Student: 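Could you have a look at this structure, given as structure tokens, before my questions?
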Amino acid sequence: MIPDKQSPIAVFDSGAGGLSVLAALKRFMPCEDYIFLGDRKNAPYGDKSHDEIRRISLENAGMLFGMGAKALVIACNTATAAAVDTVREAFPQYAVIGIEPAVKPAFEAGCRRIAVLATPRTVSEDRFSRLLRSYGNQYGGQAFGIGCRGLATMIEENTVSADYFTKLWKEHFGDGFPDGIVLGCTHYPFASDVIKDSLPEGIPVFDGADGTARQTCRRLGEAGLLTENAAKGRILMPCDDGFLAAFWKTHCPAYQ
Ligand code: DGL
């Protein structure tokens with residue numbers, strides 16, 4: 001299929017986390033149509049192997065381009081770290097945008113000892129370690145990846161408490177704290193109030209959703225593929241049993 005201005009933008013994640021990116025996309029490009037795949041049958045991605053994530057990501061991309069998407073946003077740090085290059089190679093005719101943890105904005109805001117919370121799979125990926133090392137060298141600071149097993153599922157089940165994070169800081173920083181936190185999984189912004197409650201006042205928390213939406217808008221603009229519609233776009237959620245639609249309504253009320 002040839003990408004067309006009026007075609008939808010596809011977005012996928014293992015579940016509800018990608019809705020934090022969809023919200024940012026809606027903020028930057030409200031008139032676009034979106035297909036949101038929350039791949040809950042394969043969730044959680046964070047406990048799977050590199051090869052499994054690559055296979056799943058290729059399958060999702062094939063399905064979404066098959067549905068007529070003009071571009072793909074991988075709204076998942078795990079799938080981006082493990083598979084964005086593979087998906088780009090398999091679909092060279094399309095813009096494929098991945099999410100990058102907001103380590104650069106955190107360094108640029110003056111943080112020098114940064115904790116990047118992500119899934120165990122993400123922190124094991126070379127792409128992720130390279131990114132942290134390269135910004136650390138560039139800005140003269142350090143960013144540490146911390147794998148948070150089970151956290152994405154707890155967020156979907158609404159069972160996460162500040163205790164989880166208090167223990168995490170104690171385990172990794174003793175009585176101290178990092179001076180900036182990056183949420184390197186798209187589920188985690190939905191727990192940002194709880195995370196802030198577990199931290200001393202003034203420690204900033206960053207996520208990559210706005211950067212991803214800005215990059216998507218820029219790529220579509222360069223390709224002449226931004227919609228000409230002036231009315232609010234539609235969102236299609238294939239394979240959803242109602243969970244994602246309800247989560248979207250509750251957690252992102254501004255974008256209904
Ligand atoms: N939301 C995903 C991420 O950004 C994955 C969560 C999971 O399924 O483990 O990494």
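Below, all heavy atoms of this structure are taken into account, side chains as well, without hydrogens, waters or symmetry copies. These numbers come from a predicted model, not from an experiment.
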Student: Nearest 0.5 angstrom please: Phe12 CZ to Met63 CE, how far?
Tutor: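 Taking CZ in Phe12 and CE in Met63, the distance rounds to 11.0 Å.
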Student: Quick one: is the NZ or CZ of Arg40 closer than 6.0 Å to the six-membered ring centre of Phe243, and within 45° of its axis?
Tutor: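 Relative to the ring axis of Phe243, which defines the angle, Arg40 lies inside both limits.
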Student: Check for me, please, whether Ile146 and Phe128 land in the same ILVMFWY cluster - side-chain distances under 4.5 Å, paths through other members count.
Tutor: no
Student: Could you check whether Glu125 and Thr122, counting side-chain N and O atoms only, form a donor-acceptor pair closer than 3.5 Å?
Tutor: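 Side-chain D/A pair, Thr122 to Glu125: absent.
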Student: Could you tell me the separation between the CG atom of Leu64 and the CD atom of Glu59, rounded to the nearest 0.5 Å?
Tutor: 11.0 Å
Student: Hey, does the side chain of Ser20 reach the backbone of Thr186 with a donor-acceptor pair shorter than 3.5 angstrom?
Tutor: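 Checking the backbone N and O of Thr186 against the side chain of Ser20, a donor-acceptor pair under 3.5 Å is found.
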Student: Side chain to side chain contact (heavy atoms under 4.5 Å, CB included) with Ser198: which of Leu168, Thr166, Ile203, Ile181?
Tutor: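 For Ser198, the side chain to side chain contact (heavy atoms under 4.5 Å, CB included) test succeeds with only one of Leu168, Thr166, Ile203, Ile181, which is Thr166.
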Student: Using only atom types and a distance under 3.5 Å, with no angle test, would you say the side chain of Arg121 pairs donor to acceptor with the backbone of Gly147?
Tutor: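 No, the answer is negative, given that no donor and acceptor are paired below the 3.5 Å cut-off.
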Student: If the threshold is 4.0 Å, N to carboxylate O, is there a salt bridge linking Arg149 and Asp47?
Tutor: yes
Student: Evaluate the side-chain proximity of Trp248 to Phe36: yes if any heavy-atom separation is below 4.5 Å, no if none is.
Tutor: no
Student: Out of curiosity, Arg55 CZ to Ser49 OG, how far, rounded to the nearest 0.5 Å?
Tutor: 8.5 Å
Student: Tell me whether Ile74 shares a hydrophobic cluster with Met67, the cluster being built from Ile, Leu, Val, Met, Phe, Trp, Tyr side chains joined at under 4.5 Å.
Tutor: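 Yes; Met67 is reachable from Ile74 via cluster members.
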Student: Using a 3.5 Å distance criterion without hydrogens, assess whether the side chain of Ser57 forms a donor-acceptor pair with backbone atoms of Arg54.
Tutor: no
Student: Is any side-chain heavy atom of Asp33 closer than 4.5 Å to a side-chain heavy atom of Ile9?
Tutor: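 Result no, sub-4.5 Å side-chain heavy-atom pair not found.
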Student: Which residue pairs pass the ring-ring contact (aromatic ring centres under 6.0 Å, His included) test when at least one of the two sits in residues 208-228, sequence neighbours left out?
Tutor: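 Listed once each, the pairs would be none.
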Student: Look at Arg113 together with Asp179 and state whether they make a salt bridge at an N to O cut-off of under 4.0 Å.
Tutor: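 Judged by the 4.0 Å cut-off on N to carboxylate O distance, Arg113 and Asp179 do not form a salt bridge.
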Student: Classify the ring geometry of Phe190 against His251: parallel below 30°, tilted from 30° to 60°, perpendicular beyond 60°.
Tutor: perpendicular
Student: Do the non-hydrogen side-chain atoms of Asp207 and Val182 ever get within less than 4.5 Å of each other?
Tutor: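 No, side chains not in contact.
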Student: For Tyr45 and Asp39, does a side-chain donor sit closer than 3.5 Å to a side-chain acceptor?
Tutor: yes
Student: Under the side chain to side chain contact (heavy atoms under 4.5 Å, CB included) criterion, do Val205 and Leu199 qualify, and how do the steps go?
Tutor: CA-CA 10 Å; Val205 177; Leu199 290 165; 4.1 Å; yes
Student: Let me confirm one number: the NZ-CZ distance from Lys170 to Phe173, rounded to the nearest 0.5 Å.
Tutor: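 Reported value, rounded in 0.5 Å steps: 13.0 Å.
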Student: Side chain to side chain contact (heavy atoms under 4.5 Å, CB included) for Arg127 and Val84? Distances and angles first, verdict last.
Tutor: CA-CA 10 Å; Arg127 186 187 178 89; Val84 68; 3.5 Å; yes
Student: Check whether any side-chain N or O of Ser192 sits under 3.5 Å from a backbone N or O of Tyr188 as a donor-acceptor pair, and report yes or no.
Tutor: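 Between the backbone of Tyr188 and the side chain of Ser192 there is no qualifying donor-acceptor contact (under 3.5 Å).
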Student: Is there a donor-acceptor pair under 3.5 Å between the side chain of Thr80 and the backbone N or O of Cys76?
Tutor: yes
Student: Side chains of Ile97 and Leu72: does their closest heavy-atom pair fall under 4.5 Å?
Tutor: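 Of all side-chain heavy-atom pairs linking Leu72 with Ile97, none is under 4.5 Å.
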Student: Kindly say whether Gln256 contributes a backbone atom to a donor-acceptor pair with the side chain of Lys232 at under 3.5 angstrom?
Tutor: yes
Student: Do Arg219 and Val96 have side chains that get closer than 4.5 Å, going by heavy atoms?
Tutor: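 No, every pair of side-chain atoms sits at 4.5 Å or beyond.
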Student: Are any side-chain N or O atoms of Thr212 and backbone N or O atoms of Ile99, one a donor and one an acceptor, separated by less than 3.5 Å?
Tutor: no
Student: Evaluate Met29 against Tyr34 for side chain to side chain contact (heavy atoms under 4.5 Å, CB included), listing each step before the verdict.
Tutor: CA-CA 10 Å; Met29 295 172 286; Tyr34 295 92; 3.4 Å; yes
Student: Sequence neighbours left out, what pairs pass side-chain hydrogen bond (donor to acceptor under 3.5 Å, both in side chains) with at least one residue falling in residues 95-106?
Tutor: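 Found Glu100-Tyr135.
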Student: Can you find a heavy atom in the side chain of Pro101 that is under 4.5 Å from one in the side chain of Asn77?
Tutor: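 Answer yes - side chains close enough.
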Student: Apply side chain to side chain contact (heavy atoms under 4.5 Å, CB included) to the pair Leu22 and Ile235, showing each step before the final yes or no.
Tutor: CA-CA 10 Å; Leu22 182 63; Ile235 301 172; 4.0 Å; yes
Student: So that I can tick it off, tell me whether Lys70 and Glu32 are bridged by a salt bridge, with the cut-off set at under 4.0 angstrom between side-chain N and carboxylate O.
Tutor: yes
Student: List for me each residue that meets salt bridge (charged side-chain N to carboxylate O under 4.0 Å, His left out) alongside Arg218, sequence neighbours excluded, and say none if there are none.
Tutor: Glu222
Student: Between the side chains of Arg27 and Tyr255, is a donor N or O closer than 3.5 angstrom to an acceptor N or O?
Tutor: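 Looking only at side-chain atoms, Tyr255 and Arg27 do form a donor-acceptor pair, the distance falling under 3.5 Å.
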Student: With a 4.5 Å cut-off on side-chain heavy atoms, are Leu117 and Phe165 touching?
Tutor: yes
Student: Indicate whether any N or O donor in one side chain lies under 3.5 Å from an N or O acceptor in the other, for Thr119 and Thr78.
Tutor: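 A donor-acceptor contact under 3.5 Å links the two side chains.
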Student: Roughly how far, to the nearest 0.5 Å, is the CD1 atom of Ile114 from the CZ atom of Phe144?
Tutor: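 Between atom CZ of Phe144 and atom CD1 of Ile114 there are 9.5 Å.
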Student: Quick check against the 3.5 Å criterion: does Gln6 have a side-chain atom that pairs as donor or acceptor with the backbone of Leu225?
Tutor: no
Student: For the SG atom of Cys239 and the CG atom of Leu37, what is their distance to the nearest 0.5 Å?
Tutor: 5.5 Å
Student: Within the 4.5 Å heavy-atom criterion, are Cys148 and Tyr164 side-chain neighbours or not?
Tutor: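 Heavy-atom side-chain distance check passes, below 4.5 Å.
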